[in-house]
Amino acid sequence: MPPVVYIEDIARHDGEEVTLRGWLHNRRSSGKIHFLTVRDGTGFIQVVMSKADLGDERFAAADHLSQETSLTVTGRVRADARAKGGFEITGTGFTVVSASHDYPITPKEHGVDYLMDRRHLWIRSQRQQAVLRVRHTVIDAVREFFNSRGFTLADTPIFTPSACEGTSTLFPVQYFDDTTAYLTQSGQLYNEANAMALGKVYCFGPTFRAEKSKTRRHLTEFWMVEPEVAYADLDDTMDLAEQLVESVVARVLETRGAELTHLERKTDGLEAVRTPFPRISYDEAIGRLKGAGLPVEWGGDFGGTDETVLSSQFDRPVLVHRYPAAVKAFYMKPDPARPDLALCVDMLAPEGYGEIIGGGQRLDDYDLLLQRITDHDLPQEAFEWYLDLRRYGSVPHAGFGMGIERVVAWICGLEHVRETIPYPRLLHRLYP
RNA sequence: UCCUCAGUAGCUCAAUGGCAGAGCAUCCGGCUGUUAACCGGAGGGUUGUAGGUUCGAAUCCUACCUGAGGAGCCA
């Protein structure tokens with residue numbers, strides 16, 4: 001048997017006899033010639049099998065190969081201007097590993113619900129593979145960004161004893177006999193403790209929100225990366241956030257051009273994602289929205305339409321800082337210059353993809369934090385450990401969280417975040 | 001939770017009160033350069049469920065089920 005090669009390496013084997021191990025993606029046929037599109041997880045390539053090369057018996061057998069049959073194929077690699085990847089293979093033989101009958105995802109169109117019910121098969125498609133490879137690169141770039149800047153990965157728990165922020169709806173789970181635990185909605189509070197120990201930290205893991213949101217921007221289970229830095233202020237965290245996003249986008253452009261092309265993603269907008277990003281205050285944002293004729297009032301949070309209108313005024317992500325403290329979480333530090341504002345920041349992605357980052361400077365004063373916990377009717381005993389961080393050497397600190405799926409959806413130019421994760425969890429979707 | 005829309009062949013859809021159809025998929029036949037290949041033929045239906053109006057309902061009405069988009073909330 002000729003040496004086994006991967007399709008992604010095929011250019012290095014021009015003119016050689018090789019073996020591919022993969023699956024039949026699609027087949028077209030003429031009377032005396034078959035065109036098999038074979039995929040092996042690293043790429044797709046066309047294998048041409050003619051009656052003259054294979055002989056009548058083998059050729060007839062190839063006529064009945066069906067979609068997604070696993071097989072090994074031998075043949076000679078040949079550069080061909082007609083081929084999509086520049087190369088194709090003149091087939092000399094094949095062996096079926098395991099047949100596939102009535103594969104449900106045909107080359108024609110299907111509805112979202114149908115495809116989502118078969119998500120475990122849908123991910124075999126070229127488009128879904130492209131999205132998942134971009135996701136991989138985004139995550140890889142995020143880790144590389146923090147690791148190369150002296151951050152320590154310190155993961156935070158997924159089971160938590162109570163509502164961290166007191167705002168979002170949490171998923172309760174029974175924790176042994178008579179205790180209720182909740183799936184984390186953010187690692188942030190633990191991250192603050194980790195930053196007091198390790199200086200610059202990040203956590204990266206799944207996050208859960210039980211809100212019954214039905215929009216293209218929401219999953220009930222999503223992945224979030226959260227850095228936290230001791231001795232950092234709001235400006236430091238805005239710097240860090242824009243550098244992270246610039247770095248991630250640059251890495252995808254550099255290494256995933258083929259995937260973006262396959263997704264028909266225009267890259268002009270992504271090429272423009274260079275620091276510094278525009279920074280506007282909440283006050284200015286309100287002014288801009290009123291100027292655009294939207295019915296906004298000072299004091300409220302922004303809705304999806306507001307975010308889209310704001311972000312469309314810039315050619316790169318925009319940082320909106322200093323929201324009214326009343327609409328933000330209890331742990332946000334007030335602006336000393338205007339205590340009704342919180343030292344917080346949201347980053348809005350272009351093209352209506354919404355908020356991809358939320359963060360800010362944390363409340364580091366013991367008395368004020370205790371006051372906020374009381375004001376929000378939170379149980380003080382559950383936050384004693386968190387108050388300890390202000391009892392024993394409190395320092396200014398700041399951080400943020402970035403939602404991976406929204407970033408991937410934006411970079412890929414997708415309609416919905418549900419395609420950015422292998423098995424999305426949605427309000428009405430828990431299978432497969 | 002609320003608003004809007006949708007549910008017809010395995011899939012994607014048409015039929016707007018009067019014989020339930022097409023393309024793809026499957027099977028059979030044809031074709032040596034296809035790219036969601038193409039050409040010819042065949043099989044394939046409790047029109048989401050239950051009730052109602054009507055001579056007659058996929059079509060109109062009511063309830064329910066399932067899904068999608070949006071609102072609120074959030075990354």
Side-chain angles (χ1 to χ4, degrees), chain A residues 25-37 44-54 59 63-64 66-68 78 80-85 88 90 101-118 125-127 165 167-170 184-188 204 206-226 241 245 300-308 327-329 345-349 352-359 400-410 415-418 420-421 426-429:
Chain A
H25 184 66
N26 197 10
R27 178 175 58 82
R28 291 170 294 278
S29 180
S30 225
K32 297 192 177 71
I33 186 166
H34 296 311
F35 300 96
L36 310 182
T37 305
F44 294 74
I45 196 166
Q46 177 160 278
V47 178
V48 183
M49 292 187 167
S50 72
K51 203 168 194 171
D53 292 340
L54 260 72
F59 186 82
D63 200 23
H64 288 86
S66 53
Q67 209 186 339
E68 289 303 320
R78 179 169 46 75
D80 192 314
R82 291 170 296 189
K84 274 180 177 167
E88 55 182 37
T90 303
H101 298 295
D102 297 323
Y103 186 69
I105 301 178
T106 67
K108 290 288 177 178
E109 287 177 13
H110 299 282
V112 169
D113 193 43
Y114 182 86
L115 290 168
M116 276 297 171
D117 278 339
R118 294 156 185 81
S125 77
Q126 207 162 357
R127 177 184 167 83
E165 306 184 14
T167 52
S168 298
T169 316
L170 304 184
T184 184
Q185 57 164 339
S186 166
Q188 193 222 301
F204 182 41
T207 307
F208 307 87
R209 302 278 166 91
E211 262 116 18
K212 294 189 174 178
S213 299
K214 262 176 71 74
T215 83
R216 70 188 66 198
R217 300 184 304 279
H218 289 87
L219 298 170
T220 55
E221 175 183 309
F222 65 97
W223 285 67
M224 186 157 68
V225 60
E226 296 174 272
V245 171
D301 212 340
F302 298 132
T305 309
D306 303 326
E307 291 181 353
T308 301
V327 299
K328 289 295 178 181
V345 60
D346 285 356
M347 186 189 292
L348 307 180
Y353 283 94
E355 185 184 343
I356 53 173
I357 281 177
F400 61 85
M402 181 171 84
I404 293 298
E405 287 77 14
R406 286 190 183 174
V407 171
V408 175
W410 162 49
E415 281 294 303
H416 200 300
V417 292
R418 66 189 159 209
T420 65
I421 185 168
L426 300 151
L427 180 53
H428 298 296
R429 169 70 54 193

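To find a chain, count down the sequence lines: A is the first, B the second, and so on, and within it residues start at 1.
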Asker: Does the base of C73(B) carry an N or O that pairs as donor and acceptor with the side chain of Ser213(A) under 3.5 Å?
Answerer: yes
Asker: Look at all strands and tell whether Leu219(A) reaches a base, only sugar-phosphate, or nothing, counting heavy atoms closer than 4.0 Å.
Answerer: base
Asker: Taking the side chain as every heavy atom from C-beta outward, state whether Arg406(A) and Tyr353(A) have any atom pair closer than 4.5 Å.
Answerer: no
Asker: Which comes earlier along RNA chain B counting from the 5' end, the contact point of Lys328(A) or that of Val112(A), where each point is its nearest nucleotide?
Answerer: Val112(A)
Asker: For U1(B), which nucleotide in any strand shown is its Watson-Crick or wobble partner with both distances under 3.5 Å?
Answerer: A71(B)
Asker: What nucleotide among C11(B), G33(B), A68(B) has an atom nearest to a side-chain atom of His110(A)?
Answerer: C11(B)
Asker: For the side chain of Ala52(A), starting at C-beta, report the closest nucleotide among U32(B), G67(B), G70(B).
Answerer: U32(B)
Asker: Check whether any side-chain heavy atom of Ile421(A) sits under 4.5 Å from a side-chain heavy atom of Phe222(A), and report yes or no.
Answerer: no
Asker: Using a cut-off of less than 4.0 Å, is there contact between a side-chain N or O of His416(A) and OP1 or OP2 of G69(B)?
Answerer: yes
Asker: Any salt bridge between Asp117(A) and Arg429(A), counting N to O under 4.0 Å?
Answerer: yes
Asker: Please classify the nucleic acid contact of Phe35(A) as base, sugar-phosphate, or nothing, using heavy-atom distances under 4.0 Å.
Answerer: base
Asker: With P as the reference atom in both, quote the distance from U53(B) to C61(B) in angstrom, rounded to an integer.
Answerer: 15 Å
Asker: Nearest-Å distance, CG (Asp117(A)) to C1' (G10(B))?
Answerer: 14 Å
Asker: Given the P atoms of A75(B) and C5(B), what is the spacing between them in whole Å?
Answerer: 32 Å
Asker: Would you say A36(B) has OP1 or OP2 under 4.0 Å from some side-chain N or O of Lys84(A)?
Answerer: yes
Asker: In whole Å, measure the gap between the C1' atoms of U4(B) and G41(B) for me.
Answerer: 45 Å
Asker: Nearest-Å distance, CZ (Arg28(A)) to C1' (U34(B))?
Answerer: 5 Å
Asker: Thr207(A) near the nucleic acid: base, sugar-phosphate alone, or nothing, with a heavy-atom cut-off under 4.0 Å?
Answerer: nothing
Asker: Just wondering, do Glu415(A) and Val112(A) contact through their side chains at under 4.5 Å, heavy atoms?
Answerer: no
Asker: When you compare G43(B) with A25(B), how far apart are their C1' atoms, in angstrom units rounded to a whole number?
Answerer: 13 Å
Asker: Which of these nucleotides, U26(B), A71(B), G67(B), is closest to any side-chain atom of Asp113(A)?
Answerer: G67(B)
Asker: Do the non-hydrogen side-chain atoms of Glu226(A) and Met402(A) ever get within less than 4.5 Å of each other?
Answerer: no
Asker: May I ask you to say what Glu226(A) touches in the nucleic acid, namely base, sugar-phosphate or nothing, with a heavy-atom cut-off under 4.0 Å?
Answerer: nothing
Asker: Less than 4.0 angstrom between a side-chain N/O of Lys212(A) and OP1 or OP2 of C73(B), yes or no?
Answerer: no
Asker: What nucleotide, of U26(B), A71(B), C74(B), holds the atom closest to the side chain of Arg209(A)?
Answerer: C74(B)
Asker: Give none if C60(B) has no partner; otherwise give the nucleotide forming a Watson-Crick or G-U wobble pair with it, both distances under 3.5 Å.
Answerer: G52(B)
Asker: Between Asn26(A) and U34(B), is there a side-chain N or O to OP1/OP2 distance below 4.0 Å?
Answerer: no
Asker: Look only at the side chain of Glu405(A) and the backbone of Trp223(A), and say whether a donor-acceptor pair between them is shorter than 3.5 Å.
Answerer: yes
Asker: Just call it for Gln67(A): base, sugar-phosphate, or nothing, with non-hydrogen atoms closer than 4.0 Å on any strand.
Answerer: nothing
Asker: Where the side chain of Ser50(A) is concerned, which of A75(B), U32(B), C31(B) is the nearest nucleotide?
Answerer: U32(B)
Asker: Compute whether any side-chain donor of one residue and acceptor of the other, for Gln67(A) and Thr106(A), lie under 3.5 angstrom apart.
Answerer: no
Asker: Phe222(A) stacking on A75(B): centroids under 5.5 Å, ring planes under 30°?
Answerer: yes
Asker: Which is true for Arg127(A) with a 4.0 Å heavy-atom rule: it touches a base, it touches only sugar-phosphate, or it touches nothing?
Answerer: nothing
Asker: Can you tell me which nucleotide in C74(B), U32(B), G70(B) comes closest to the side chain of Asp301(A)?
Answerer: C74(B)
Asker: Please classify the nucleic acid contact of His34(A) as base, sugar-phosphate, or nothing, using heavy-atom distances under 4.0 Å.
Answerer: nothing
Asker: Between Asp306(A) (CG) and G70(B) (P), how many Å, whole number?
Answerer: 15 Å
Asker: Less than 4.0 angstrom from a charged side-chain N to a carboxylate O is my criterion; do Lys51(A) and Asp63(A) meet it?
Answerer: no
Asker: In whole angstrom, give the distance that lies between atom NZ of Lys214(A) and atom P of G70(B).
Answerer: 9 Å
Asker: Could you go through Gln46(A) and Arg28(A), starting from their C-alpha distance and side-chain angles, then the distance that decides it, and tell me whether this counts as side chain to side chain contact (heavy atoms under 4.5 Å, CB included)?
Answerer: CA-CA 10 Å; Gln46(A) 177 160 278; Arg28(A) 291 170 294 278; 2.7 Å; yes
Asker: Could you pick out which residue, Glu415(A) or Thr220(A), lies toward the 5' side of RNA chain B when each is mapped onto its nearest nucleotide?
Answerer: Glu415(A)
Asker: Measure from CD on Glu211(A) to P on C2(B) and round the result to the nearest Å.
Answerer: 17 Å
Asker: Taking the same atom, C1', in G45(B) and in C39(B), what whole-Å distance lies between them?
Answerer: 27 Å
Asker: Does C27(B) have a Watson-Crick or wobble partner in any strand here, with both distances under 3.5 angstrom, and which is it?
Answerer: G41(B)
Asker: Does a nitrogen or oxygen in the side chain of Arg217(A) sit under 4.0 Å from OP1 or OP2 of A75(B)?
Answerer: no
Asker: Which base, if any, makes a Watson-Crick or G-U wobble pair with A15(B), both distances under 3.5 Å?
Answerer: none
Asker: What is the distance, rounded to the nearest whole Å, between atom CG of Asp63(A) and atom P of C31(B)?
Answerer: 11 Å
Asker: Measure the distance from CD1 on Ile33(A) to P on C38(B) and round it to the nearest whole Å.
Answerer: 17 Å
Asker: Is the shortest side-chain N/O distance from Arg418(A) to OP1 or OP2 of G69(B) below 4.0 Å?
Answerer: yes
Asker: Considering only atom P, compute the distance from G18(B) to U34(B) and round it to an integer number of Å.
Answerer: 45 Å
Asker: Please report the distance separating the C1' of G7(B) from the corresponding atom of C13(B), rounded so that it comes out in whole Å.
Answerer: 12 Å
Asker: Could you give the distance separating U54(B) and C11(B) at their P atoms, to the nearest angstrom?
Answerer: 35 Å
Asker: Which nucleotide, in any strand shown, forms a Watson-Crick or G-U wobble pair with G7(B), with both distances under 3.5 Å?
Answerer: C65(B)
Asker: Which part of the nucleic acid, if any, lies within contact of Gly111(A), taking any heavy atom under 4.0 Å across all strands shown: a base, the sugar-phosphate backbone alone, or nothing?
Answerer: sugar-phosphate
Asker: Within a strict 4.5 Å, meaning less than it, do heavy atoms of the Glu355(A) and Arg217(A) side chains meet?
Answerer: no
Asker: Can you tell me how far P of C24(B) sits from OH of Tyr114(A), to the nearest Å?
Answerer: 17 Å
Asker: With both distances under 3.5 Å as the test, what is the Watson-Crick or G-U wobble partner of U32(B)?
Answerer: none
Asker: From C74(B), G70(B), U1(B), pick the nucleotide closest to the side chain of Glu307(A)?
Answerer: C74(B)
